[in-house]
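Here is the structure we will look at, set down as structure tokens.
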Amino acid sequence: MTAGDPASYRALRSARATHTLDVIDQRALPHAVRMVTIADADTAARAIRDMWIRGAPLIGAVAAFGLSLALQRDPSDVGLDAACRMLLATRPTAVNLRWALERVRGVVQALPPDERADAAWSQAERIVAEDIAINEAIGHAGLAVLRGIAAERGRVNVMTHCNAGALATCGWGTATAPLYLAHAERLPLHVLVSETRPRLQGANLTAWEMAQRRIPYTLLVDSASGLLMQRGEVDLVIVGADRVARNGDVCNKIGTYDKALAAHDNGVPFYVGLPSPTIDWTLASGRDIPIEARGDDEVLTVAGRDERDEAHVVAVAPAGARAINYAFDVTPARLVTGLVTERGIAGTAAALAQLFHRTSPCT
Ligand code: MRU
């Protein structure tokens with residue numbers, strides 16, 4: 001059983017012959033599928049910073065290609081340093097960015113400058129291929145849980161938040177991969193998509209992905225999660241992650257923590273789709289994860305289309321209002337039922353360390 005080819009909307013396509021990347025400009029979704037071509041490192045950095053592309057694994061992959069593009073212009077040690085610094089500064093929270101840059105840098109810095117750009121491109125291609133395989137493995141691990149719920153309840157109502165889908169990765173997504181497999185084998189799946197204020201990744205992106213695959217879904221305002229869980233309408237929550245500390249604390253899109261609290265209070269299992277490059281083994285706890293703070297304009301306005309399909313941005317607060325706009329929060333490990341990785345599901349930090357052959361979560 002497969003979840004089908006995500007190729008109709010693969011978030012990133014690289015072309016070695018032209019040294020270009022074509023990415024879906026996610027700012028245009030769900031209204032239009034607009035592609036943009038990235039042909040230099042500055043544009044790669046802009047695409048990450050201004051969220052033409054987003055989602056932890058995709059950010060890492062685009063940064064890896066960006067580093068290769070930078071090295072085509074300046075393959076010197078100084079150029080390598082400057083490009084890493086520029087790309088690393090684009091977004092602070094998703095650790096996949098640092099992971100991908102360190103990985104590419106680790107391979108190329110020992111090479112003569114004239115071999116670096118090509119080697120970096122190959123490494124970026126490998127990151128993409130591995131991410132596709134990781135997504136698939138997470139999908140199969142998560143599918144086992146969904147099958148169990150379907151067998152027990154005759155339905156699988158899954159809540160998710162933000163977009164940890166194909167648009168956030170190079171393959172099927174992390175949180176969405178089990179859903180795609182469940183749908184492919186005709187489990188009675190219904191996806192509850194929370195809109196994810198302020199940027200609406202749930203409404204704009206996850207809902208679009210569900211519609212593309214004809215998966216039954218319902219959109220809800222973020223604050224409806226608790227009520228739905230109290231009413232027994234949610235069988236399981238699954239979200240993605242931007243960084244997981246070695247004690248199992250999960251940093252993900254703002255609002256994830258609220259869902260985990262509500263899930264805990266109502267006995268709803270709370271799972272996290274977790275590719276290994278999203279684990280930050282250097283951090284003892286989620287307290288030390290840098291949380292991105294974005295502009296208040298994202299909170300003070302709403303963007304959408306009118307009935308003539310014309311785009312508008314409208315204010316939703318009094319002129320002069322100030323807003324707080326942290327993009328991520330940290331869910332303590334104690335609220336997480338399972339971390340669904342490419343090597344299986346870990347229920348504790350110790351189990352996670354064991355899956356990845358780390359000696360102890362405390363070292
Ligand atoms: O700000 P974004 O849209 O980049 O945030 C994305 C998320 O929080 C995702 O849930 C996370 O990156 C996991 S993607 C597989």
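- Looking only at distances, a side-chain donor or acceptor of Asp25 sits under 3.5 Å from a matching main-chain atom of Arg27.
- At distances below 3.5 Å, not a single donor-acceptor pair connects side-chain atoms of Asp296 with backbone N or O atoms of Arg322.
- A donor-acceptor contact closer than 3.5 angstrom links the side chains of Arg54 and Gln26.
- Residues Asp81 and Arg105 are paired through a salt bridge, judged by an N-O separation under 4.0 Å between the basic side chain and the carboxylate.
- The main-chain N or O of Ala117 is found under 3.5 Å from a side-chain atom of Ser68 such that the two form a donor-acceptor pair.
- Of all heavy-atom pairs spanning Ala100 and Gly60, the tightest one is CB-O, 3.2 Å.
- Residues Ile324 and Ile254 share a single hydrophobic cluster, defined by chaining ILVMFWY side chains whose heavy atoms lie under 4.5 Å apart.
- Residue-environment remark: CD (Glu125) exceeds the threshold of 12 foreign heavy atoms within 6.0 Å.
- When all heavy atoms of Thr174 and Gly240 are compared, the closest pair comes out as OG1-CA, 4.1 Å.
- Under 4.0 Å is where a charged nitrogen must lie from a carboxylate oxygen, and between Arg197 and Asp222 no such pair does.
- Taken from CZ in Arg98 to OG1 in Thr282, the straight-line distance is 4.5 Å, to the nearest 0.5 Å.
- Considering only heavy atoms from C-beta on, Pro178 stays 4.5 Å or farther from Val145 through its side chain.
- In this structure, CD1 on Ile138 lies 11.5 Å from CG on Leu181, to the nearest 0.5 angstrom.
- Atoms CZ and CG, from Arg155 and Leu189 in turn, are 12.0 Å apart once rounded to the nearest 0.5 Å.
- Here the side chains of Trp52 and Val36 are in contact, with some heavy-atom distance below 4.5 Å.
- Two residues are said to be in side-chain contact when any heavy atoms from C-beta on lie closer than 4.5 Å; Leu146 and Asp235 fail this criterion.
- Shortest non-hydrogen contact noted between Leu274 and Ala241 is CD1-CB, 4.4 Å.
- Between the side chains of Asp306 and His312, at least one donor-acceptor pair of N or O atoms lies under 3.5 Å.
- Arg34 contributes no side-chain N or O that, together with a main-chain N or O of Ala28, makes up a donor-acceptor pair within less than 3.5 Å.
- Of the possible donor and acceptor atoms, one in the side chain of Asp40 sits under 3.5 Å from a partner among the backbone N and O of Asp42.
- Closest approach of Leu167 to Asn163, counting heavy atoms only: CB-OD1, 3.6 Å.
- Counted within 6.0 Å of CZ on Arg305, heavy atoms from surrounding residues, nucleotides or ligands total more than 12; the atom is thus considered enclosed.
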Please step through side chain to side chain contact (heavy atoms under 4.5 Å, CB included) for the pair Thr176 and Met210, ending with a clear verdict.
CA-CA 9 Å; Thr176 55; Met210 295 302 132; 4.0 Å; yes
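- Residue Phe356 qualifies as enclosed at atom CZ: its count of foreign heavy atoms under 6.0 Å is above 12.
- Annotation: the span from Glu130 atom CD to Ser276 atom OG amounts to 8.5 Å, rounded to 0.5 Å.
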Can Asn135 and Thr169 be said to form a side-chain hydrogen bond (donor to acceptor under 3.5 Å, both in side chains), step by step?
CA-CA 8 Å; Asn135 287 185; Thr169 66; 2.9 Å; yes
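- The closest donor-acceptor contact from the side chain of Arg246 to the backbone of Ala349 lies at 3.5 Å or more, if one exists at all.
- The OH atom of Tyr271 sits 5.5 Å away from the OG1 atom of Thr337 when rounded to the nearest 0.5 Å.
- Shown are Asp288, Asp329, Asp280; of these, the salt bridge (Lys or Arg N to Asp or Glu O under 4.0 Å) with Arg243 is made only by Asp280.
- In terms of heavy-atom proximity, His190 sits nearest to Thr218 at NE2-OG1, 2.5 Å.
- Residue-environment remark: CZ (Arg46) stays at or below the threshold of 12 foreign heavy atoms within 6.0 Å.
- Residue Arg126 qualifies as open at atom CZ: its count of foreign heavy atoms under 6.0 Å is 12 or below.
- Residue His19 qualifies as enclosed at atom NE2: its count of foreign heavy atoms under 6.0 Å is above 12.
- With contacts defined as side-chain heavy-atom distances shorter than 4.5 Å, the pair Arg116/Asp77 qualifies.
- Taking hydrophobic clusters as Ile, Leu, Val, Met, Phe, Trp and Tyr residues chained together by side-chain heavy-atom distances below 4.5 Å, Val250 does not share a cluster with Leu261.
- A donor-acceptor pair under 3.5 Å links the side-chain atoms of His183 to the main chain of Arg213, judged by distance alone.
- With hydrogens and angles ignored, the 3.5 Å screen pairs a side-chain donor or acceptor of Glu209 with a backbone N or O of Ala166.
- Rounding to the nearest 0.5 angstrom, the gap separating the CZ atom in Arg343 from the CD1 atom in Ile134 is 9.0 Å.
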Start with the C-alpha distance between Leu187 and Arg147, add both sets of side-chain angles, then the distance that settles side chain to side chain contact (heavy atoms under 4.5 Å, CB included), and finish with yes or no.
CA-CA 7 Å; Leu187 294 189; Arg147 279 184 184 144; 4.1 Å; yes
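- Scanning both residues, Ala119 and Leu111, for their nearest heavy atoms gives CB-CD1, 3.4 Å.
- No side-chain donor-acceptor contact under 3.5 Å links Thr196 and Lys253.
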Run Thr206 and Tyr217 through side chain to side chain contact (heavy atoms under 4.5 Å, CB included) and show every step you take.
CA-CA 10 Å; Thr206 303; Tyr217 75 93; over 6 Å; no
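- Counting only heavy atoms from C-beta outward, the side chains of Leu80 and Leu67 approach each other to under 4.5 Å.
- Counting heavy atoms from C-beta outward, Glu292 and Asp242 have side chains that stay 4.5 Å or more apart.
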Any chance you could lay out the side chain to side chain contact (heavy atoms under 4.5 Å, CB included) test for Cys162 and Val239, step after step, and finish with the verdict?
CA-CA 8 Å; Cys162 193; Val239 297; over 6 Å; no
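- Under a cut-off of 6.0 angstrom, the local environment of CZ in Arg49 is crowded, with over 12 non-hydrogen atoms contributed by other residues, nucleotides or ligands.
- In the hydrophobic clustering of this structure, Ile238 does not group with Phe328; members are Ile, Leu, Val, Met, Phe, Trp, Tyr whose side-chain heavy atoms approach within less than 4.5 Å, directly or through other members.
- Under the 4.5 Å side-chain heavy-atom criterion for Ile, Leu, Val, Met, Phe, Trp and Tyr, Leu335 and Val340 are members of distinct hydrophobic clusters.
- When side chains are defined from C-beta on, Pro75 does not count as touching Asp114, because their heavy atoms never get closer than 4.5 Å.
- With hydrogens and angles disregarded, a donor-acceptor distance shorter than 3.5 Å links the side chain of Thr93 to the backbone of Pro290.
- The shortest distance between side-chain heavy atoms of Leu352 and Thr341 falls below 4.5 Å.
- Hydrophobic cluster membership is shared by Trp172 and Val191, with clusters built from Ile, Leu, Val, Met, Phe, Trp and Tyr side chains linked at under 4.5 angstrom.
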